[in-house]
Each structure stands twice: as structure tokens, then as C-alpha cells.
Amino acid sequence: MDHLFDPSKNMYYPPKEILKKANVKDYESLYKKSIEDREGYWAAEARKLEWYRKWDQVLDDSRKPFYKWFSGGKINIVHNALDRHQKNQTRNKLAIIWEGEPGDVRTFSYHALNREVTRFANVLKAMGARKGEVITIYMPQIPELVVAMLACAKIGAPHSVVYGGFSVEALAERIEDAQSRILITADGGFRRGKPTQLKKIANEAMQRSATIEVCIAVKRTGEECYMENDRDFWYHDLMGMPIANAGCCTEQTDSEDPLFILYTSGTTGKPKGLVHTHGGYAVYTATTYRDVFDIKPEDRWWCAADPGWITGHSYIVYAPLINGATIMMYEGAPNHPYPNRWWSMIEKYGINILYTSPTAIRGLMRFGASWADRHNLSSLRLLGSVGEPINPEAWKWYYEVIGKSRCPIMDTWWQTETGGFMITPLPVMPLKPGSAAKPFFGNEISIVDDHGKEVKQGDEGNLIIKNPWPGMARTILGDPDRYVEKYWEKYKEQGWYLAGDSARVDEDGYYWIIGRIDDVIKVSGYRLGSAEIESALVSHPAVSEAAAIGLPDELRGNIIHATVILRQNFTASPALAEELKVHVEKEIGPIAKPSFLEFADSLPKTRSGKIMRRVLRAKALGQDTGDLTTLEE
Ligand code: PRX
């Protein structure tokens with residue numbers, strides 16, 4: 001299929017069938033129109049959804065940067081994801097195909113999913129859930145996780161999903177910040193053949209943050225776990241009660257009512273609870289999904305992320321359901337029991353589109369092509385990548401071995417804050433391996449220096465977004481000042497959004513993301529803050545000070561390197577280093593466990609006391625430490 005590849009430009013062209021059937025055929029002209037009349041473009045997209053009441057104003061920018069979209073409108077995302085499909089043939093279509101790691105399979109039609117969600121919404125109400133209160137969800141990747149999210153949204157209670165791979169402190173901190181009274185969890189899930197202990201972690205977290213009054217647990221693994229009287233209830237017991245059968249109507253929420261809180265790591269210690277809304281988020285995710293992944297009624301879609309991250313919120317749950325797609329979900333590890341697990345499921349279920357992370361691709365690439373080659377992957381039409389820059393070798397392997405050189409790869413750049421894709425190819429666009437291509441409709445994006453001057457073409461600089469978009473996070477829960485400071489302060493005069501990434505743009509207008517400019521570390525595509533890891537280390541009695549940095553790693557993108565200063569009376573030893581690593585794992589989760597941990601007598605700091613992580617990084621990599629004039633004596 002060499003004719004699809006132009007080596008002189010290192011460009012890959014889309015196959016004819018994709019061009020013929022694409023939902024969007026001409027990017028440039030539609031892009032131009034969307035920029036000339038941004039509000040008109042988004043209003044037209046919004047009209048494709050069902051509203052209880054139409055909006056008065058598309059964009060309200062009277063309180064910048066606290067933008068409002070579709071204000072005055074009444075909508076519930078669940079009405080668009082489930083209720084409206086009950087009126088047509090989508091009702092009988094598969095909404096979810098789920099496979100557990102042990103091999104158990106469950107499927108839900110749109111009708112069945114709606115029924116389950118309605119029942120659980122009744123249960124939540126019966127347990128005292130109120131509109132507007134944040135409900136925390138801490139679950140493995142099982143269908144009930146999706147049911148729980150949708151049931152919260154249905155009654156207008158924002159959900160706060162905490163990734164099931166997080167541990168005690170991470171969970172406790174998020175419960176506390178959101179002041180959640182209700183926690184939905186499970187006894188555990190299966191990962192690499194073993195049951196995880198979610199309820200046990202949840203029990204410890206509930207002890208640390210005392211706000212939880214009701215805990216509902218799904219029985220998944222059947223492992224023994226402690227259930228506290230009058231606080232803890234089994235999901236299945238509650239769902240079996242007559243109260244579950246009441247007719248729960250979907251709450252008519254305002255466009256700007258919060259749909260969910262999602263915590264993400266930033267530069268300072270405490271994770272930020274980003275707030276997304278019912279209206280703008282529904283419009284933005286539904287549009288980006290339909291245009292970028294070219295979704296067709298007969299498609300089976302697999303976003304192999306965890307619903308606990310923004311990728312899962314937007315593109316496992318909400319956008320696919322709004323578009324009436326069939327969603328594939330898998331509970332466990334990609335290489336369990338063998339490295340062909342994913343490829344066998346693509347063949348078994350006839351998956352048409354696979355969306356995953358560079359880390360997952362690199363991880364599977366390690367085992368060689370033969371695992372994929374023994375499966376018929378001809379159902380695939382499109383591929384996708386997200387979470388970190390994809391290196392050209394991994395891109396080519398994905399393209400050739402998995403996509404058989406006929407499935408374009410949508411390398412989508414976006415963030416928890418943006419709600420949906422911001423820079424992305426469309427299926428009709430020529431692709432360059434490693435580039436996320438061009439801005440999505442309505443978005444003007446640029447690369448600028450610290451003073452806001454556009455850098456020369458090809459030069460590295462700060463990635464900024466010049467305009468508001470409907471899917472943007474509206475604020476940080478309980479801390480609007482931090483929202484302003486983190487994203488809008490730097491280019492306040494211009495009113496631009498600072499993404500926190502550095503990037504460059506080439507002669508064809510293609511964007512190349514380089515990485516974070518702040519102290520956010522991307523490990524296997526997961527986002528962690530240096531400060532989070534440091535505060536976990538300092539919570540150990542032996543540690544007086546700590547610094548965490550990310551170092552490049554071929555497989556995981558980055559790995560964590562920690563430098564620790566011990567308190568008096570503690571002696572450095574390999575055993576203590578291991579104990580500290582395990583401590584971080586126990587507090588935050590396995591993804592945060594440092595790969596290296598070294599002891600030191602002091603940390604390089606500026607005169608104002610800030611840790612110079614740049615110096616630590618250079619030292620760990622054996623590089624020149626650069627300008628040290630600001631270093632404290
Ligand atoms: O550095 C960018 C990287 O992931 C960051 C956002 O992380 P998070 O909020 O966890 O959301 C991840 C999933 C949307 C960005 O600031 N990133 C995300 N997608 C890409 C990427 N870097 C390069 N290429 C991408 N396609």
C-alpha cells in the first residue's frame with residue numbers, strides 16, 4: 001500500500017474508502033467558517049442535541065475567564081445519551097459490550113442500560129442523594145461504573161470519579177475536597193489474574209476523611225471485605241428493593257450545572273477538581289467524537305482507557321452514547337493471560353475503531369508482531385492515540401502491524417481541562433507520525449514565547465488557545481482563584497488559555513507536542529504532580545524533604561526519580577529506599593511509585609526556597625546543570 005505514503009514529505013494519505021465516506025470531507029473550508037463565526041458554528045452543533053429549553057445566549061463572556069456556554073438553556077446529558085434513544089431503533093442496539101479479565105462477558109442494549117441507570121438513580125435518591133451534591137465513585141472497570149456515572153448525572157448530582165488504580169491518600173483527599181457524603185465502590189476488580197482490594201482501600205480512606213455517610217459497593221470479585229453497619233450497602237441488595245422500580249425522571253439541569261468533577265494533578269500539592277458542565281461539554285464531546293472518529297451507526301468503538309480518566313469520561317461514556325455508538329469495554333490488563341488479549345477481542349467483537357495510548361502501544365509492541373498477526377484485524381478502520389506524544393516507531397508499528405497500513409491514526413491532543421479534542425487530525429487529513437495535526441473546529445491555537453509573541457515557525461514555545469470553547473472546564477471546585485492563576489494569568493492581557501505544554505508548528509501548520517513545561521509528570525500517559533509524590537514521601541516518618549522529577553523512559557514515556565533527605569536518626573539503606581517507594585505506592589497508587597530513589601543531604605534550591613528540579617534532572621541524566629546563578633549557596 002505504498003501509494004498511501006509519500007516518503008518525500010513523510011506523509012501518510014487516507015485510503016479512498018475513508019475519503020468517500022468521511023463525515024467531514026473538507027477540513028480547511030469548515031475550519032475557516034468555524035473561526036469566522038464561532039458562535040454560529042457551535043449553535044449549529046448544539047441544535048443536533050435535544051434541549052428541554054433552548055439557550056438564550058451561545059457564549060456569555062461577561063465574566064472572563066469564567067465563560068458560560070448556552071446559558072439559559074436546559075439540558076441533561078443523560079437525556080441525550082440515553083432517554084432520547086429510547087424513542088427510535090437505537091433502543092435495541094448494543095450500548096456496551098463488556099469483557100471481564102477472567103473472560104466473563106456482559107452486554108447491555110440501550111434499553112437495558114437505560115433501565116439499569118434509572119433503577120440506580122432511584123436507589124441513589126432513596127439513599128438521600130440530592131441534586132448538586134458531589135458523589136464520589138471509586139470502581140474497577142465494570143459496567144456498573146458507567147451506570148453509576150450516568151445515574152448521578154441523571155439526578156443532577158455531579159460525579160467525581162477517582163481512578164481505581166489510586167490508593168488511600170489520593171482517594172481520601174478527593175472525597176474530602178468534594179465533601180462527598182456518598183461513595184460508590186466495589187469489593188474489587190480483576191487485574192493480571194488477581195483480585196484488587198478496592199473496598200479495603202475505600203474503608204481506610206473513609207476513616208481518614210469522615211464525610212462519607214453512605215457507601216454502596218458492587219460485588220465483583222466476591223472476596224471477603226469489611227462492611228460497616230448502616231453505612232455500607234451492597235449494590236445488588238439495593239437494586240433488588242422495590243424502591244428501584246420507581247419511575248425516575250431525568251432532572252432538567254441548566255446548561256451550566258456541573259456534570260462532574262475530575263481531579264487532576266497540577267504543580268502544587270493538592271489535586272485540582274476541574275468542573276465540567278451538562279451543556280457545553282455534551283456539545284463539545286459529541287461533535288469532536290463524530291467528526292474525528294467518523295462514527296457510523298454500524299461501528300463498534302473501543303476506547304481502551306479507564307473511565308476514571310477524562311479520556312474515559314468523554315470518549316468511553318458520554319460522546320459515544322450521545323452518538324448512539326456501541327462501546328467495547330475491557331476490565332483488565334492488555335497482556336493477560338497473553339499479549340494477544342486485545343487483538344483477540346478486536347477479532348472476536350469485530351471492533352472498527354481502537355483508541356489508546358502510546359504507552360499501551362509500546363507495551364504491546366515489545367512482544368512483537370506475531371501476537372497480532374495470528375488474529376484477523378480486518379474489521380479495524382481507524383485508530384487513535386492520546387495522552388502523550390507518540391514516538392514515530394510506535395506510530396509506525398501501530399499503523400503497519402495493527403492497522404495493516406490502511407487505518408489512519410488520529411493522534412488527539414487535549415487535556416482534562418479541555419473536555420475534548422483540541423488538536424487532532426480528521427480521517428481525511430494526511431498524517432505525519434508524531435504530530436497531532438491541526439486545531440479542531442472553532443479553535444485558534446498558537447505557539448508563543450513568555451511575552452506572548454508568536455515564535456518563529458518550527459521553534460518551540462508555549463502552547464496557547466486563543467478562544468473559549470464549549471467543552472472547557474469552568475473552574476476548579478472551591479478555588480476559582482487558582483483556576484484563574486493557573487490557566488489565565490500568564491496571558492491575561494490577551495485573554496489566552498495556557499495549556500502548560502510546549503510545542504512547535506511546522507511549515508504545513510501541523511502541531512508537534514513536546515511535553516509539559518511545569519512540574520507535571522506523565523507516567524504511562526497518566527498525569528502526576530511532582531508535589532503529590534513529594535508530599536506522599538514527606539508523610540513517611542523517616543523523610544524530612546523530598547523532590548520528585550520525571551526522567552525519560554522508552555516504554556512509559558517518563559519514570560519517577562525521587563531524591564530524599566532523611567530526618568535525624570534515620571540511616572539511608574536500600575531497604576529504606578524500597579520502603580519509601582512502597583509507601584508512595586500505598587498512598588497514591590502503583591503509577592506513582594518511584595523507579596529510582598536516592599538519598600541526599602540537601603536539595604538544590606533557589607534563594608526563595610523553590611526546588612530546582614531542572615538541576616536534579618540534569619544531574620540524574622548526567623547532563624550539564626546549566627545556569628546556576630539563582631541557586632542558593
Ligand atoms: O502534555 C499533554 C499530554 O497530556 C496532558 C493532559 O493530560 P490529562 O489531563 O491527563 O489528559 C490526558 C488525556 C486527554 C497534555 O497537557 N497529551 C495528551 N494528549 C497528547 C498529549 N501529548 C502529546 N500528544 C497527545 N496526543
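Everything quoted here is computed from the prediction, not taken from an experiment. Whatever order the structure lists ligands and atoms in, that order sets their numbers, starting from 1.
A salt bridge is defined here as a Lys NZ or Arg NE, NH1 or NH2 lying under 4.0 Å from an Asp or Glu carboxylate O, and R527 with E532 fails to meet this definition.
Taking a heavy-atom cut-off of under 4.0 Å, ligand 1 is surrounded by I310, T311, V386, G387, E388, P389, D411, T412, W413, W414, Q415, T416, D501, I513, R516, K522, R527.
Pairs passing the salt bridge (charged side-chain N to carboxylate O under 4.0 Å, His left out) check and including a residue from residues 315-333, sequence neighbours excluded, read R220-E331. The list of salt bridge (charged side-chain N to carboxylate O under 4.0 Å, His left out) pairs with a residue in residues 161-172, not counting sequence neighbours, reads E169-R208.
Ring geometry for W488 versus Y67: interplanar angle of 30 to 60°, hence tilted.
Screening F293, W414, W302 against Y315 for a ring-ring contact (aromatic ring centres under 6.0 Å, His included) leaves a single residue, W414.
Residues passing the salt bridge (Lys or Arg N to Asp or Glu O under 4.0 Å) test with R341, sequence neighbours excluded: E99.
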